[in-house]
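Just below is one structure, and these are the notes that go with it.
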Amino acid sequence: MPEMRQSSLVVVANRLPIDDSVAPDGACEWRRSPGGLVGALHPLLRHTPATWVGWAGGAGSAPALPDVDGVRMHTVALSRDDLRDHYEGFSNATLWPLYHDAVEQPQHHRRWWEAYQRVNQRFAEATAEVAEQGGIVWVQDYHLQLVPGLLRALRPDLRIGFFLHVPFPPPELFMQLPRRAELLRGMLGADLVGFQRAQAAHNFAQLVTKVLELPATDRRIGIDDRVVRIGAFPVSIDTAEMAALAARPEVAARARRLRRDLGDPRQVILSVDRMDYTKGIEQRLKAYSELLASGDVKVRDTVLVQVAMPSRERVGQYQILRERIEREVGRINGEFGRVGEPAIHYLTQPFDRAELAALYRVADVMAVTPLRDGMNLVAKEYVAARVDGAGALLLSEFAGTAAELPEAYLVNPHDLEGLKQGLCAALRASPTDVGQRMRAMRAYLHQHDIRAWARSYLSALDEAGALINRLASTDGTLDGAARVPAPATPAASPATHHAGG
Ligand code: ADP
Ligand code: G6P
């Protein structure tokens, strides 16, 4: 067997940054994986001597992948049973709904839990093989909550971080989980457990006290002879990269063309979501439909572009959601559209970054109204793309982003009347008000970008800074992201990283 190459930084996530998909001509091709986790980490790690451990999409054997932008890909194979029981089952039909306020009913099956343990063990073993002695391992998200504990048992020499991209629920909800103690213990295998919001760290500390009877504050937890630190680290985007893309003349030209193709309406409303019941798409459509019915919004004047990329398509709740959304879009277009003038332009295709940037530039109102969202990077991408300083962001109070961008037009998406009023307020706001809000949000995101996120998390994980400075001395993107202050400067405690949350 060839000797395994090892890295001093290993990122472990259920998904690799690319996955295989079938092109229209039937050929297999690789494309960027969906979702915010990959969107955040991929630009960050580019040209960093790191290894990314994950699943490449599809069932069966693990394909050997070439490096992607200088990052080594280490594939973990998942069988059909693993996909059904670990990915679709425990991850996306138990944990995902439970962590998002149980807006859909979480399901519990013992077979799913067995698969969750088995797959987490496989990820831990794969990581143990590729991590250099004394290296840093950064485990991501809810699919892999047992990995920190399993990995510590295999490789106590490693510095282990865990970051949860989704909300961490209040105790009343988490307590429903039959295997709650094991999940908490798994996360406590890490040296640092990071959340999007301070409230999530607080929920975690409360649960650890209640379920495991361990001494816990919102910053530190004592377990065995170790201290596990916890804190909030709101994830972000590559603000400068999105701004530079949106500023390109061809993107601006594409935005003008899109507006023409949309019939030169006075106002364009845009929503871009993974097709997920947490995103509040149905509630938004209902609000829009009622505004059309009451005449507050008129089709010739205003157009809604709804991008809804299909997601987790084998999970029953997602299939039902898609059917309901498509029926509703059809109804609204049938009732309110005209020939050549639909009320909603509905698109389910993946777009490249330039096309997304052009869409953001054409949107007078960006409607981001999830029922619950760990962060929501689409909202941040929109703000970054508005290099012209215009554009109104309508944002749900229940997105992590709302704690960071209070200048958005905030709405409660569960309140239909409030949602309608918010949409009207954003559509009718004065350019001065819109511009002031956008300026404040852009200034915030300029400072709080993906590199700032990595810097705050990794410097908290690696207090001494030795490992991270070694990584940062290479010529990569992580350079500047992760460089840790000289030892004379005390490392900040995780709790100081809270950004409003
Ligand atoms: P989630 O992580 O729940 O999917 P986020 O809003 O945090 O939600 O992240 C979604 C990411 O997916 C963003 O980076 C967004 O640009 C990207 N995205 C969403 N829809 C599409 C699409 N149709 N084509 C390409 N990228 C998309
Ligand atoms: C969210 C999750 C990610 C996940 C992404 C896409 O962002 O936090 O972990 O990768 O959604 O979902 P999928 O099921 O396609 O990986």
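Order of appearance sets the numbers: ligands from 1, and atoms from 1 within every ligand.
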Does atom NE2 of His109 have more than 12 heavy-atom neighbours, drawn from other residues, nucleotides or ligands, at distances under 6.0 Å?
yes
Please list, in number order, the atoms of ligand 2 under 4.0 Å from a heavy atom of [X].
X	value
Val166	8 (O)
Leu37	3 (C), 7 (O), 9 (O)
His143	9 (O)
Arg15	13 (P), 15 (O), 16 (O)
Gly36	7 (O)

Do me a favour and list the nearest non-hydrogen protein atom to [atom] with residue, atom name and distance?
atom	answer
atom 2 (C) of ligand 2	Asp141 OD2, 3.3 Å
atom 12 (O) of ligand 2	Arg312 NH2, 3.0 Å
atom 14 (O) of ligand 2	Tyr87 OH, 2.5 Å
atom 6 (C) of ligand 2	Pro34 O, 3.6 Å

So, [X] versus [Y]: side-chain donor-acceptor pair below 3.5 Å or not?
X	Y	answer
His202	Asp218	yes
Thr278	Arg372	no
Gln121	Gln117	no

Do Arg118 and Asp81 meet the salt-bridge criterion of a basic N to acidic O distance under 4.0 Å?
no
Any salt bridge between Glu381 and Arg386, counting N to O under 4.0 Å?
no
Under the salt bridge (charged side-chain N to carboxylate O under 4.0 Å, His left out) criterion, do Glu114 and Arg111 qualify, and how do the steps go?
CA-CA 5 Å; Glu114 280 158 25; Arg111 202 182 59 230; over 6 Å; no
Can you tell me which residue among Glu407, Glu404, Arg439, Lys380 is in a side chain to side chain donor-acceptor pair (under 3.5 Å) with Tyr444?
Glu404
Give one line per pair: atom of ligand 1, protein atom, distance. Only N/O to N/O under 3.5 Å.
unit_1, atom_1, unit_2, atom_2, d
ligand 1, 2 (O), Gly36, N, 2.7
ligand 1, 3 (O), Arg274, NH2, 2.9
ligand 1, 3 (O), Lys279, NZ, 2.8
ligand 1, 4 (O), Arg274, NE, 2.7
ligand 1, 6 (O), Leu377, N, 3.2
ligand 1, 6 (O), Val378, N, 3.2
ligand 1, 7 (O), Leu377, N, 2.9
ligand 1, 8 (O), Lys279, NZ, 3.1
ligand 1, 9 (O), Gly36, N, 3.3
ligand 1, 14 (O), Glu381, OE2, 2.6
ligand 1, 16 (O), Arg353, NH1, 3.2
ligand 1, 16 (O), Glu381, OE1, 2.6
ligand 1, 16 (O), Glu381, OE2, 3.3
ligand 1, 23 (N), Gln349, O, 2.9
ligand 1, 24 (N), Phe351, N, 2.8

Under the 3.5 angstrom rule, does the side chain of Asn203 hit a backbone N or O of Phe168 as a donor-acceptor pair?
yes
Stacked cation flag Arg180 on Phe174, 6.0 angstrom / 45 deg
no
Would you check whether Gln140 reaches within less than 4.0 Å of ligand 2, judged by its heavy atoms?
no
Taken in chain and number order and not counting sequence neighbours, the residues that satisfy side-chain contact (heavy atoms from CB on, under 4.5 Å) with Arg260 are Arg257, Asp264
